[in-house]
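Lettering follows sequence order; numbering is per chain, from 1.
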Protein chains: 2
Amino acid sequence: METRELRYFVAVAEESHVGRAAERLGMAQPPLSRAIAQLERRLGADLFVRTPRGVELTSAGETLLREGRTALAAVEAAERRTRRTAAAGGRASVVLTAKAGAQSELMAKLLDAYAAEPDAVEVDVVLSPPGHQAVMLRDGRADVAILHRPFDDLSGFDMDVLAVEEQVLILPAGHAASARPSMTVAEASSIPDLPLPRWPNLDGSYPDGPGPELRDMTQILQLIRLGRAAIVLPESVRASVREGLAVVPLTDAPQVTTVIAWPPHSTSPAVAGLVRTASRL
Amino acid sequence: METRELRYFVAVAEESHVGRAAERLGMAQPPLSRAIAQLERRLGADLFVRTPRGVELTSAGETLLREGRTALAAVEAAERRTRRTAAAGGRASVVLTAKAGAQSELMAKLLDAYAAEPDAVEVDVVLSPPGHQAVMLRDGRADVAILHRPFDDLSGFDMDVLAVEEQVLILPAGHAASARPSMTVAEASSIPDLPLPRWPNLDGSYPDGPGPELRDMTQILQLIRLGRAAIVLPESVRASVREGLAVVPLTDAPQVTTVIAWPPHSTSPAVAGLVRTASRL
DNA sequence: GGTGTCCATACCGCGGGGGTATGGCACCAG
DNA sequence: CTGGTGCCATACCCCCGCGGTATGGACACC
């Protein structure tokens, strides 16, 4: 099976419509129809049932869609990483990605410790919006990532745990609830005049709800000082909490685990070294 | 990048020789040279340095070899799984692979429990030689596997832990050492007249050493009864130990963890159901 | 039954993958 | 230094197969 065939198949499966898929692929409809039919012949499997409105996946087609997407991502990742190591011009280098804003002290410690290693290579740090680290690791734009359980999807990666912490509620300093010694998540999310902000989805859109749309951390902290919102965050943010804000521990929020993750089996020596120093921190 | 190009590249990289790679691929040398050159142009990266003896990988080439192999495996897995679900003829089914011989009671419990589930599908159990479960999971011949830490390479899989057990030494009943209440691994492996058997590598070859070559469990137990060998195994084998054999606990052997593993992101409903019942055992 | 909306088939042109023959280069034996 | 050997690259050719256009055929809806 060629990646071209797979790309065609995925396009048709996603559109449920050969014509639209062809348009998306920048080609005419008949060759696409033929390519799909040929793929079906070669696999010995019907991938679609043809309906008057378009096409629908068979169960074999659903399997190929699931598996094919990850296969395509793997090919794409191979290509990207190859281009990158070539661009580095023989001198090895590693791209590390992390969420913009948080755990800067941990990152600094890691980068310092690694730079002191005898066989250290250059580390490019790429800060990306929350939730995008795993994507970048999967498609080859990054080699290692710092990410967070249970928020990020870690499936398919190897990883080491770097830190475990509780979560706290950040709210305006003067607010009545700020005097409480602790709170539950249910209580925190139902404070009448303090809605929790909404986090953007992977595609940049926002879920519906009452809270403000969260853009960056300083903006939301500003909103909290103004008495307009509250937010649940890992307790390490205490370090960056200045006046005007109060912190209340949450008793039943899930623990947040900071991990360093990397794609399995692509253990370049540089990545291995970085992971080794990370796990010694 | 097309999978054909990747296959060509991997062949050349593995042979370090364009001519031999071409032979292996069943084609002539010049088109292969050209395909590689074209791949290099398209990637904008030199993958090989040409030497008078053949070719050598550049660092970019090493990256592509590492990544490309897993990408090819992913494509192959997609193809196999699609063929399989098509062959199942609409009626979903799952292939579970496990090491031949061991933990049969756990498997039986799992299969019984799963069969009782409302949405259970047919489960094909494939027993494969030790160490091959992970390979079958990676190349799509299986959907779920029962395997064992730290022996199997679990990287890249999602998993749940099913059981944790200590290891024991099995030796002839009459042997002097069989009276000891416990032993260390060092002691167990240096009993003068009882060599530990050698396990086959993934390719079927055997490492060098004094012990007998292990073929199957009954054969090795026979050898132990004859006073010719001893073996270290998880303690669950006590159940299948009959007369003529003695069991001595090991104090410092690593724990053996039995896990159920599955490829990430290919979570078909059937696999998900099987895993769910497994983790409830 | 006409019409619109799909996907499939028929047919054609051309790019590119694969073949053979040969060149160019480095190393080695003498 | 020179002929020989063992590589990979280039030159040239053929033909398969991919992609294009035109059209057929099935189905739903009015």
Side-chain angles (χ1 to χ4, degrees), chain A residues 1-62 64-65 68 72 75 79 86, chain B residues 1-62 64-65 68 71-72 75 79 82 86:
Chain A
M1 202 169 37
E2 294 302 312
T3 61
R4 182 180 46 79
E5 302 179 282
L6 253 184
R7 274 187 281 266
Y8 288 2
F9 167 77
V10 170
V12 174
E14 285 178 351
E15 299 285 347
S16 294
H17 192 289
V18 180
R20 279 197 301 272
E23 191 179 356
R24 202 175 100 184
L25 292 167
M27 66 188 289
Q29 169 261 319
L32 183 54
S33 275
R34 229 186 19 210
I36 296 293
Q38 179 171 323
L39 179 60
E40 287 179 314
R41 271 200 312 278
R42 285 211 257 254
L43 288 174
D46 286 349
L47 299 172
F48 297 103
V49 291
R50 278 67 174 174
T51 74
R53 324 288 271 176
V55 295
E56 284 177 9
L57 284 171
T58 62
S59 60
E62 283 172 12
L64 187 57
L65 182 57
L72 281 178
V75 172
E79 198 166 336
Chain B
M1 204 168 34
E2 293 303 312
T3 62
R4 182 180 46 80
E5 303 178 281
L6 253 184
R7 273 187 281 267
Y8 288 1
F9 167 78
V10 169
V12 173
E14 284 178 351
E15 299 285 346
S16 293
H17 192 290
V18 180
R20 279 198 300 273
E23 192 180 354
R24 200 175 101 184
L25 292 166
M27 65 189 288
Q29 169 261 317
L32 182 54
S33 275
R34 231 187 17 211
I36 296 293
Q38 180 172 322
L39 179 60
E40 288 178 313
R41 271 201 311 279
R42 284 210 257 253
L43 288 174
D46 285 348
L47 299 173
F48 296 103
V49 291
R50 277 68 174 173
T51 75
R53 325 287 271 174
V55 296
E56 285 176 10
L57 285 171
T58 61
S59 61
E62 283 173 11
L64 187 57
L65 181 57
L72 281 179
V75 173
E79 199 167 334
T82 305

Sugar-phosphate only, base, or nothing, as touched by F48(B) at under 4.0 Å among non-hydrogen atoms: nothing

Nearest to side-chain heavy atoms of A28(A), which nucleotide of dG19(D), dG19(C), dT21(D): dT21(D)

Nearest-nucleotide pick for V18(A), side chain only, options being dC7(C), dG19(D), dG18(C): dC7(C)

Length of the line joining L32(B):CG and dG16(C):P, which is rounded to integer Å: 19 Å

Side-chain H-bond candidate by donor/acceptor type, Q29(B) with S33(B), under 3.5 Å: yes

Heavy-atom closest contact (L65(B) atom, F9(B) atom, distance): N-CE2, 3.5 Å

Residue pair L43(B) / L64(B): nearest heavy atoms and the distance that separates them: CD1-CD2, 4.0 Å

Distance in angstrom units between Y8(A) OH and dA8(C) C1', rounded: 17 Å

Polar side-chain contact R34(A)-dG20(D) base: donor and acceptor under 3.5 Å: yes

Out of dG18(C), dA9(D), dA8(C), whichever nucleotide has its closest atom nearest the side chain of S33(B): dA9(D)

Sugar-phosphate, base or nothing in reach of E5(B), heavy atoms under 4.0 Å: nothing

Short side-chain N/O contact to dG19(D) OP1/OP2 from R4(A), under 4.0 Å: yes

Closest non-hydrogen atom pair between M1(B) and T3(A), with its separation: O-OG1, 2.8 Å

Separation of atom CD in E23(B) from atom P in dC7(D), rounded to whole Å: 11 Å

Short N-O contact, E14(B) and R24(B), less than 4.0 angstrom: yes

Side-chain donor/acceptor contact of R53(B) with base of dG6(D) under 3.5 Å: no

Value in whole Å for how far the C1' atom of dT9(C) lies from CZ of R50(A): 13 Å

Integer-rounded Å distance: dG17(D) P and E2(A) CD: 13 Å

Spacing of Q29(B) atom CD relative to dG17(C) atom C1', expressed in whole Å: 15 Å

Gap between atoms CZ and P, on R20(B) and dC7(D) respectively (whole Å): 7 Å

Nucleotide of dG19(D), dC8(D), dT10(D) approaching H17(B) most closely (side-chain heavy atoms): dC8(D)

Closest contact, heavy atoms only, M27(A) versus L32(A): CE-N, 3.7 Å

Note, V55(A) side chain near V49(A) side chain (heavy atom, < 4.5 Å): no

Sugar-phosphate only, base, or nothing, as touched by P31(B) at under 4.0 Å among non-hydrogen atoms: base

Nucleotide dG16(C), atom C1' - distance to CE of M27(B) in whole Å: 13 Å

Phosphate OP1/OP2 of dG17(C): any Q38(B) side-chain N/O under 4.0 Å: yes

Heavy-atom pair of closest approach, residues F48(B) and E40(B): N-OE2, 3.2 Å

Listed nucleotide nearest any side-chain atom of P30(A), set dG19(D), dC7(C), dA22(D): dA22(D)

Five-pair end axes of the helix from dG1(C)-dC30(D) to dG30(C)-dC1(D) and the angle they enclose, rounded to 10°: 20°

